[in-house]
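Worksheet: one structure, shown below.
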2 protein chains.
Amino acid sequence: MQTRKSRRPRVQVEAAPSVLPTERPGQEGGKRDANRKARAAALASASLSLMLQRGVEAVTIDEIVSKAGVAKGSFYRYFRDKEDLVRAIVAPLERPLRESFERCKAALSDARAAESLAAAYGLFAAELAGVIFAHGAVVRLYLQERRAPGEGPRAPIADLARFVDASALELASFACQRGLTRPGDSRVSAAVVVGAAEHLASMALAGDESLRDPSVAMELIVIILDGVRATGSSATSSA
Amino acid sequence: MQTRKSRRPRVQVEAAPSVLPTERPGQEGGKRDANRKARAAALASASLSLMLQRGVEAVTIDEIVSKAGVAKGSFYRYFRDKEDLVRAIVAPLERPLRESFERCKAALSDARAAESLAAAYGLFAAELAGVIFAHGAVVRLYLQERRAPGEGPRAPIADLARFVDASALELASFACQRGLTRPGDSRVSAAVVVGAAEHLASMALAGDESLRDPSVAMELIVIILDGVRATGSSATSSA
DNA sequence: CGAAATCGTGACTGAACAGTCAGAATATCT
DNA sequence: AGATATTCTGACTGTTCAGTCACGATTTCG
């Protein structure tokens with residue numbers, strides 16, 4: 001079997017490469033275990049910096065192993081292919097995102113008025129900012145390739161993007177049903193919020209250091225809340 | 001000279017490929033001219049659909065010429081390489097965008113109050129919607145690869161993205177200076193507006209047909225204006 | 001119509017690439 | 001320490017790809 005690049009192989013039947021380091025030999029404390037973690041981390045880290053510089057598709061396995069200081073054969077002991085590597089790189093984002101979405105929905109469940117909306121969204125934004133800056137490089141990669149087609153090595157990023165969009169839509173629908181936001185098509189408000197937050201994060205991570213200030217996140221919140229808030233509550237936010 | 005893929009060649013000194021169809025022989029009316037246009041269009045169209053499906057980097061010249069029904073040598077008579085092709089594909093977007101930005105700025109120059117802001121932005125949005133739906137496939141490609149690194153075949157898209165960001169920032173600063181929008185960091189409001197509009201456009205173009213309704217654009221405007229409007233003017237938008 | 005140019009073609013080249021594998025190196029266990 | 005299993009290594013293979021070029025087809029122009 002030889003697939004050359006990631007050009008539409010999509011034929012793998014069951015995944016499960018014959019050999020992958022599950023946790024076969026010396027567990028946890030051993031030198032084997034430490035080596036494994038170090039190697040996987042070196043590969044992921046080298047990939048990440050290369051992919052941020054030149055894009056996921058342009059980076060080759062040879063470059064990755066060269067930069068990571070590892071033999072090519074070793075790569076395939078840890079990852080089935082580039083798509084598998086990308087999946088491993090972005091995987092740490094999903095859980096904290098999902099949990100923050102869930103906590104925000106729970107907070108909205110208890111919300112009775114507009115100030116509860118502000119509180120719930122404020123907490124949500126703070127949590128998201130934590131995730132974004134804790135996983136800066138990975139989030140940059142996600143943002144960079146976020147709208148990639150669902151095929152090829154960028155598929156895991158596209159999957160995560162779909163998850164974010166769906167979660168945001170669910171949240172927006174929920175808030176709207178409970179009368180916390182202006183009535184209207186929740187797909188629009190969800191898209192606006194996701195697009196605005198992600199683009200701002202992209203700027204903050206890729207460029208301007210000064211955009212990382214907490215006041216920037218506050219400004220985003222104020223703008224979004226004023227745009228989305230249910231009419232009838234107090235007018236615009238107090239600056 | 002052989003560069004294999006677009007892997008960091010970046011060595012070209014002066015561009016200007018030895019032979020490219022400027023307008024050498026039979027001008028304008030001739031059969032040559034018609035053939036040229038038809039071929040270039042076939043290549044661009046084939047590229048566009050392939051790139052939308054699998055991404056700019058994954059598509060090969062062989063696939064493009066095969067789909068376009070053209071010999072490989074002909075490709076290189078029309079485009080220097082894939083980057084050149086991408087530049088030709090997205091080029092038609094820049095002019096209308098620039099002109100809309102300029103018209104919007106001019107409208108803001110004449111604006112005296114909040115309703116002028118709404119009028120200027122409303123017209124701007126209508127013009128943008130026109131561009132977006134007139135060049136649907138190209139805009140989809142732009143949105144798909146918008147945050148790509150500035151190297152490689154996606155560079156022309158990254159350039160266009162920088163242009164959009166810079167223009168939006170200029171517009172936001174201008175509106176803010178004139179007191180038409182809430183005081184604050186214009187980088188934030190510009191990022192919010194661009195991110196929101198582009199993400200919504202991405203949804204409308206890639207997915208849901210129903211998001212193409214003009215009422216959706218109106219909803220976007222209302223949300224953004226309420227989030228951005230200078231305090232002191234009338235409260236939230238009338239529905 | 002015939003000459004002179006441009007244009008189209010597709011086989012060809014050299015290089016880069018993904019993925020493999022036999023043997024060397026290393027860790028673990030007794 | 002010795003035996004055994006796992007892991008690392010990098011040379012190797014077959015393929016794919018970008019870019020070229022000599023030649024035949026087509027168009028233009030006198």
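Naming convention: chains lettered A, B, ... in sequence-line order (proteins, then strands); numbering from 1 in each chain. This is a predicted model, so every value here is computed, not measured.
Residues A:Ser74 and B:Ser74 each lie close to DNA chain D; by heavy-atom proximity, the contact nearer the 5' end of the strand is made by A:Ser74. Both A:Ile61 and A:Gly73 lie close to DNA chain C; mapped to their nearest nucleotides by heavy-atom distance, the more 5′-ward contact belongs to A:Ile61.
Within the structure, a side-chain polar atom (N or O) of A:Tyr78 is placed less than 4.0 Å from OP1 or OP2 of D:dC8. The shortest distance between the side-chain N/O atoms of B:Arg39 and the OP1/OP2 oxygens of C:dT9 is below 4.0 Å.
The salt bridge (charged side-chain N to carboxylate O under 4.0 Å, His left out) check on A:Glu94 picks up A:Arg98, with sequence neighbours excluded. Residues that satisfy the side-chain hydrogen bond (donor to acceptor under 3.5 Å, both in side chains) test with A:Asp185, not counting sequence neighbours, are A:Arg187.
A salt bridge links B:Asp159 to B:Arg162: one of the charged nitrogens lies within less than 4.0 Å of a carboxylate oxygen. A salt bridge does not link A:Lys82 with B:Glu57: none of the charged nitrogens is closer than 4.0 Å to a carboxylate oxygen.
The separation between B:Ile64 atom CD1 and D:dT16 atom P is 18 Å, rounded to whole Å. Atoms NZ (B:Lys37) and P (C:dC7) sit 14 Å apart, rounded to a whole Å. For the pair B:Asp81 CG and D:dT20 P, the interatomic distance rounds to 10 Å; values are reported in whole Å. Counting to the nearest Å, the P atom of C:dA11 and the CZ atom of B:Phe75 are 19 Å from each other. When the P atom of C:dA15 is taken as reference, atom CG of A:Asp62 falls 16 Å away, rounded to whole Å. Straight-line distance from the CD atom of B:Glu63 to the P atom of D:dC17: 6 Å, rounded to whole Å. Summarising the geometry, the separation between OH on B:Tyr76 and P on D:dT20 is reported as 8 Å, rounded to the nearest angstrom. To the nearest angstrom, P of D:dT13 lies 14 Å from NZ of A:Lys72.
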Each nucleotide N or O in nucleotides 24-27 of chain D that has a protein N or O under 3.5 Å away: list the pair and distance.
unit_1 : atom_1 : unit_2  : atom_2 : d
D:dT26 : O2     : B:Arg32 : NH2    : 2.9
D:dT27 : O4'    : B:Arg32 : NH2    : 3.4

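Distance check, rounded to the nearest 0.5 Å: CG of A:Asp213 to CD of A:Glu219 gives 10.0 Å.
For the residue pair B:Asn35 and B:Tyr78, the shortest heavy atom distance occurs at O-OH, 4.4 Å. A pairwise comparison of heavy atoms in B:Ile64 and B:Ser47 identifies CG2-OG, 3.3 Å as the closest pair.
Checked by distance alone, A:Lys82 brings no side-chain donor or acceptor within 3.5 Å of a matching partner on the base of C:dA18.
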